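Here is the structure we will look at.
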Amino acid sequence: MKTRDKILLCSLELFNERGERNVTTNHIAAHLAISPGNLYYHFRNKSDIIYEIFLEYEKLVDFYLDIPEDRPMTLDDMTFYLESVFDGLWSYRFFHRDLEYLLDSDQRLRQDYREFTRRCLAAISRIFEKLAEAGIIEAQPEALRAAMSLNVWLVITNWMAFLKTAHAEETYASLTLNELKQGIYQVLTLEIPYLTTAYRERVMALRENYRPFLPEREMQGCK
């Protein structure tokens with residue numbers, strides 16, 4: 001692996017584990033056992049590293065949301081989209097935990113993220129269209145479909161922040177993939193009013209796979 005790629009991979013690992021604001025370029029260089037000068041040969045600063053990591057994340061999500069146009073959509077497709085998007089959130093979790101700060105810190109990132117959001121909203125809306133064509137949900141007017149798409153996007157992009165604030169006493173690294181994927185339950189809940197009779201039972205059963213749970217200590221405190 002090239003040094004540049006090692007720097008990106010190591011940075012992503014450290015950002016996810018410790019939080020971006022707790023990691024410096026010196027930390028990254030030390031973790032890789034390279035000199036700071038070697039790191040700066042490839043990246044001028046930490047903002048450049050974060051921007052390159054975002055570009056990789058962007059490509060990943062675009063790949064996940066590649067919607068088949070040559071066949072009807074299935075529940076397996078819907079499950080794949082949800083699982084994949086939340087897998088992407090997990091792999092790049094530092095980004096959505098510090099999103100507002102990161103966007104305020106880099107104009108390039110802010111501009112690109114705005115376009116990224118637009119593409120994601122369009123893809124979500126198309127998924128709802130395809131689900132309606134397949135008879136999984138009822139067809140909705142364009143304005144309602146746009147609102148549904150925005151609500152789904154808000155749940156996806158803010159679920160990390162909810163977990164962070166709901167369990168504020170926890171350490172940064174305590175979040176698990178299973179906890180993150182409980183956000184899928186919330187996304188599927190948004191679809192309930194629009195499910196067709198033929199698919200309602202199956203989607204409700206799928207939704208139960210992601211039902212959020214309280215940590216054991218919280219459940220004991222509620223007794």
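Since this is a predicted model, take the numbers as computed values, not measurements.
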Original post:
Is D77 salt-bridged to K130, going by a charged N under 4.0 Å from an acidic O?
Top reply: no

**OP:** Let me see the working for F15 and R93 under side-chain contact (heavy atoms from CB on, under 4.5 Å), right down to the final yes or no.
**Re:** CA-CA 8 Å; F15 292 160; R93 55 194 176 275; over 6 Å; no

**OP:** With rounding to the nearest 0.5 Å, note down the distance linking CZ in F94 to CG in N16.
**Re:** 6.5 Å

**OP:** Not counting sequence neighbours, which residues clear side chain to side chain donor-acceptor pair (under 3.5 Å) with N158? List them please.
**Re:** none

Original post:
In terms of heavy-atom contacts, does CD of E115 have more than 12 from other residues, nucleotides or ligands at under 6.0 Å?
Top reply: yes

Subject >> For the student: nearest non-hydrogen atoms of T196 and G135, plus distance >> reply: OG1-O, 2.6 Å

Original post:
Are R211 and Y185 in a cation-pi contact, defined as NZ or CZ under 6.0 Å from the six-membered ring centre and within 45° of the axis?
Top reply: no

Subject >> Heavy-atom closest pair, residues V203 and L188 >> reply: CG1-CD2, 4.4 Å

Subject >> Test log, rule side-chain contact (heavy atoms from CB on, under 4.5 Å), inputs N45 and D48 >> reply: CA-CA 6 Å; N45 48 46; D48 282 355; 3.5 Å; yes

Original post:
Below 4.0 angstrom, N of the basic side chain to O of the carboxylate: do R126 and E133 qualify?
Top reply: yes

Subject >> Neighbour count >12 (heavy atoms, 6.0 Å) for atom CD, Q107 >> reply: no

**OP:** Identify the two heavy atoms, one from A139 and one from A132, that lie closest to each other, and give their separation to 0.1 Å.
**Re:** CA-CB, 3.7 Å

Original post:
Taking only residues two or more places apart in sequence, or in another chain, which ones meet Y81 in a ring pair (Phe, Tyr, Trp, His ring centres under 6.0 Å)?
Top reply: none

Original post:
With a 4.5 Å heavy-atom cut-off, do K181 and N178 have their side chains touching?
Top reply: no

Original post:
Is there side-chain contact between H96 and Y92, with at least one heavy-atom pair below 4.5 Å?
Top reply: no

**OP:** Over all heavy atoms of both residues, which pair between S84 and Y64 is shortest? Give the atoms and the distance, please.
**Re:** O-CE1, 3.1 Å

**OP:** Hey, could you give me the NE2/CZ distance between H42 and R44, rounded to the nearest 0.5 Å?
**Re:** 15.0 Å

Subject >> Least distance between heavy atoms, T74 atom then I136 atom >> reply: C-CD1, 4.0 Å

Subject >> Point-to-point distance, once rounded to the nearest 0.5 Å, from CG of D106 to CG of L103 >> reply: 9.0 Å

Subject >> Side-chain heavy-atom pair Y199, L131 within 4.5 angstrom cut-off >> reply: no

**OP:** Give the intermediate values and the outcome of side-chain contact (heavy atoms from CB on, under 4.5 Å) for residues Y210 and E83.
**Re:** CA-CA 11 Å; Y210 304 99; E83 286 273 351; 2.6 Å; yes

Original post:
Run the side-chain contact (heavy atoms from CB on, under 4.5 Å) check on L75 and R202 step by step: do they pass?
Top reply: CA-CA 9 Å; L75 281 184; R202 292 169 61 186; 3.6 Å; yes

Subject >> Rounded distance [0.5 Å steps], CD1 in I49 versus OG1 in T25 >> reply: 7.0 Å

Original post:
Is there a side-chain contact between D62 and R119, using heavy atoms and a 4.5 Å cut-off?
Top reply: yes

Original post:
Do L150 and I124 have side-chain heavy atoms sitting under 4.5 Å apart?
Top reply: no

Original post:
Do the side chains of W159 and Y101 join up, straight or via other hydrophobic residues, at under 4.5 Å, putting them in one cluster?
Top reply: yes

Original post:
Any idea how Y113 and F95 line up, ring-wise: parallel (<30°), tilted (30 to 60°), or perpendicular (>60°)?
Top reply: tilted

**OP:** Classify the angle between the aromatic ring planes of W153 and F116 as parallel (below 30°), tilted (30 to 60°) or perpendicular (above 60°).
**Re:** perpendicular

Subject >> Salt bridge flag under 4.0 Å for residues E191 and R207 >> reply: no

**OP:** Flag yes if I50 and Y41 sit in one hydrophobic cluster, no otherwise; membership is Ile, Leu, Val, Met, Phe, Trp, Tyr, and two members link when side-chain heavy atoms are under 4.5 Å apart.
**Re:** no

Original post:
Is F43 linked to M1 within one hydrophobic cluster, defined over Ile, Leu, Val, Met, Phe, Trp and Tyr using a side-chain heavy-atom separation of less than 4.5 Å?
Top reply: no

Subject >> Closest approach of F54 to D112 (non-hydrogen atoms, all atoms of both residues) >> reply: CE2-CB, 3.7 Å

Only pairs under 3.5 Å count here: list side-chain donor-acceptor contacts from residues 4-14, not counting sequence neighbours, and write none if there are none.
unit_1	atom_1	unit_2	atom_2	d
R4	NH2	E52	OE1	3.4
S11	OG	I7	O	2.6

Subject >> Note, I67 side chain near E69 side chain (heavy atom, < 4.5 Å) >> reply: yes

Original post:
Heavy-atom distance under 4.5 Å between the side chains of H27 and H31, does that happen here?
Top reply: no

**OP:** Answer yes or no on whether R108 is positioned over the face of Y51, meaning its NZ or CZ is under 6.0 Å from the six-membered ring centre and within 45° of the axis.
**Re:** yes

Subject >> Under 3.5 Å: donor-acceptor pair, side chain of Q186, backbone of G183 >> reply: no

**OP:** Please round to the nearest 0.5 Å and tell me the distance separating atom CD of E201 and atom CG of L206.
**Re:** 12.5 Å

Original post:
To the nearest 0.5 Å, how far apart are CG in L102 and CZ in R97?
Top reply: 12.5 Å

**OP:** Check for a donor-acceptor pair, side chain of E100 on one end and backbone N or O of D98 on the other, with a separation under 3.5 Å.
**Re:** no

Original post:
Do T117 and L121 touch side chain to side chain, with heavy atoms closer than 4.5 Å?
Top reply: yes

